[in-house]
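The structure appears below as structure tokens.
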Amino acid sequence: MLVTGVSRYLGSRLAGVLAAEPSIDRVIGVDTVPPRREQAAQLGRTEFVRADIRNPLIAKVIAQAEVDTVVHLNVIATPLSAGGRTAMKEINVIGTMQLLAACQKAPSMRKLVVKSTTAVYGSSPRDPALFTEDVEPRAVPRSGYAKDAVEVEGYVRGFGRRRPDVTLSLLRFTNFIGPVIETPLTRYLSLPLVPTVLGFDPRIQLCHEDDGIEVLRRAVHEEHPGIFNVGGSGVLLLSQALRRLGRPSLPIISPAVTVVARALRNARLVDFSPEQMRFLEHGRVVDVRRLEQAFGWAPRPTAQAFDAFVETSRALPVEATVSATEQVLLDLLASRHPVDITGAGATGKDAAHV
Amino acid sequence: MSEAGPDAVMGKLLPLDPGRAGAVPPAEPALPIDEPSGWDAKLAGGLAFLRRRITGDYAVDDFGFDADLTQNVLLPPLRPLYEKWFRVETRGLDNVPDTGAALLVANHSGTVPMDALMTSLALLDHHPAHRHLRLLGADLVFTLPVIAPLARKSGTTLACQADAERLLNSGELVGVFPEGFKGIGKPYSERYKLQRFGRGGFVSAALRAGQPIIPCSIVGAEEIYPMLANAKALARLLGLPYLPVTPTFPLLGPLGAVPLPSKWIIEFGEPIETASLGGAAGADDPMLVFNLTDQVRETIQSTLYTLLMQRRSVFF
């Protein structure tokens, strides 16, 4: 069992979960940088190998340990953490090529699980409301992370053709959310004043971090060949998400968005690339029914996954204040006409819903 | 105020609303027309609505349809237009099923898609089951700022096979205007002459889903903004499919946005069943699709002529 990208959040958690299972012989974690302390603590009995998956050393690791399962999580979305866009592209694309080359040579290989992203569908106004796994995107991503992911998927498909005996699961994840995980989206949503694109309100779909781990774990243990969209069912509108968070938004006219995005990146606040800015205009929602049917299990719905994030990072106690204000006004009404008020009024069930 | 936890507040709120709370889930609030009248009730309802909006406590479906907003904010301003200005008369509402999917196919006209809004309102207010019409809109709608999110929130989605089928399969009432811009942006001299019905995409969607097609004929929309000429060069410059010149626009400036008060009739025709036509196999038979497209088109065209004969004048 080999897991790449273990020095980052998902990788270290997955390696830890797998290492805790007695049925798995050895768990080898690979990354270009050593894990930080909090990540290292999660790894358990995982054997960490500091290997650049960009060079052929990885092949030796795979061959010597007779690895039968590879979980490839090392496709990076944030150029800042990787040390620039060039390094990120190298790790993503060249790294995947090297890893797949090593896997192809290894006779012990039985299963390959690859983490990809729904960003491969792009984001455009001409897209269907929900992407299914086999839809042809109208706007193929031309830059950044999404383009890397498209290329990675291309190589993975090539590998699948050359090694039909290996079970290949390609998981396309929606944006992750949760109390702990840090992604460009969570950092964006944590800005004190959240810039949005004026006149647009994208639909967003989220995957809880725990569900991300769970689906990877299931893909490792069970046989699920194919491509799967992974995310919670249902959507939130960006405006709605911000209201639930109690964060004010700052609408910016579309031409100025790139400038603001660059400023945020330079300030090291949010690492948003241009194609992610498109996402802020048109959003992206995928159909997750194939996953639900094949795995017999579903990630928690988007709204519920978002609630977990809201609990840890709510800005203002908006809900309490608003409900209290409403109550005051209702009392005022009731005191004026005590009879008329029955049968109408605030929907308490609604309030209990958030 | 914020010191009181949300639970405490909720505890106080709950006993106040024995009527609505239990009966109405947040996703489908009672229709405004069903609400008890009286200012206090309205105020309380308005307050509850405001709270839901401020705290983001409402549901949107996968397509971005926000029923709460549509019922309480987007459609109410159109009611006076529907009742008093156009005096819309509906016929054959019983041809629209109370539950389950159907594809409503209508003629498109009027420079501005007012016909789509009025048909939605007719079905929501006057159909016994108060159905939401889920419209299929052109690409352009979803590229425009402000318009794009409003369209999604009001239940419109992109006119493509995938979305049409998905809506039909989930039991929605779907509305489509196959003429598209050719219909809505045609000159006044060609009023009530149906344009080409696209490529029959709507028919194959209905065939695949095995759901009935309801032809819908709308009379009156042609006269609201009579398009005398089309400023094509300017339209191309602005990236629009057409730019109308009407008797009042651009001559009277913003006043040109006031539609002429034509008398409207919306007739929902007999459903055309597609369940027995072979499903996906039928959708792959171009001849069947063409014939069915023609049948729908002819039905709407002849109904339009009949309705025009019955109409006393454009405005009464």
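We name chains A, B, ... by the order of the sequence lines, and we start the count at 1 in each one.
Scanning both residues, F200(A) and F142(B), for their nearest heavy atoms gives CE2-O, 4.4 Å. Nearest heavy-atom pair across L237(A) and K153(B) is CD1-CE, 3.5 Å. Between P125(A) and L158(B) the shortest heavy-atom distance is O-CD1, 3.8 Å. Residues Q240(A) and V60(B) share a closest heavy-atom pair of OE1-CG2, 3.8 Å.
By the 4.0 Å N-to-carboxylate-O rule, R203(A) lies too far from D62(B) to be salt-bridged with it. A salt bridge does not link R152(B) with D201(A): every distance from a Lys NZ or Arg NE/NH1/NH2 to an Asp or Glu carboxylate oxygen is 4.0 Å or more.
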*Where do R53(B) and S239(A) land on the side-chain contact (heavy atoms from CB on, under 4.5 Å) test, with the steps shown first?*
CA-CA 10 Å; R53(B) 301 314 295 186; S239(A) 61; over 6 Å; no
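Side chains of R166(B) and L130(A) form a contact here, defined as non-hydrogen atoms less than 4.5 Å apart. Counting heavy atoms from C-beta outward, R243(A) and Y58(B) have side chains that approach closer than 4.5 Å.
A donor-acceptor pair under 3.5 Å is absent between the side-chain atoms of R51(B) and the main chain of S323(A), judged by distance alone.
The contact between L198(A) and chain B is made entirely by backbone atoms, counting heavy-atom distances below 4.5 Å. Using a 4.5 Å cut-off between heavy atoms, D127(A) touches chain B through its backbone atoms (N, CA, C, O) alone.
Of the listed residues T157(B), L144(B), D139(B), the one with more heavy-atom pairs under 4.5 angstrom with chain A than any other is D139(B). Contacts with chain A were tallied for V146(B), D66(B), D163(B); D163(B) has the most, counting heavy-atom pairs under 4.5 Å.
Counting only residues at least two apart or in different chains, salt bridge (charged side-chain N to carboxylate O under 4.0 Å, His left out) contacts with residues 170-183 of chain B comprise R134(B)-E172(B).
In this structure, T143(B) OG1 and E281(A) CD are separated by 10.0 Å, a value rounded to the nearest 0.5 Å.
Around CZ of R126(A), the count of heavy atoms belonging to other residues, nucleotides or ligands within 6.0 Å does not exceed 12.
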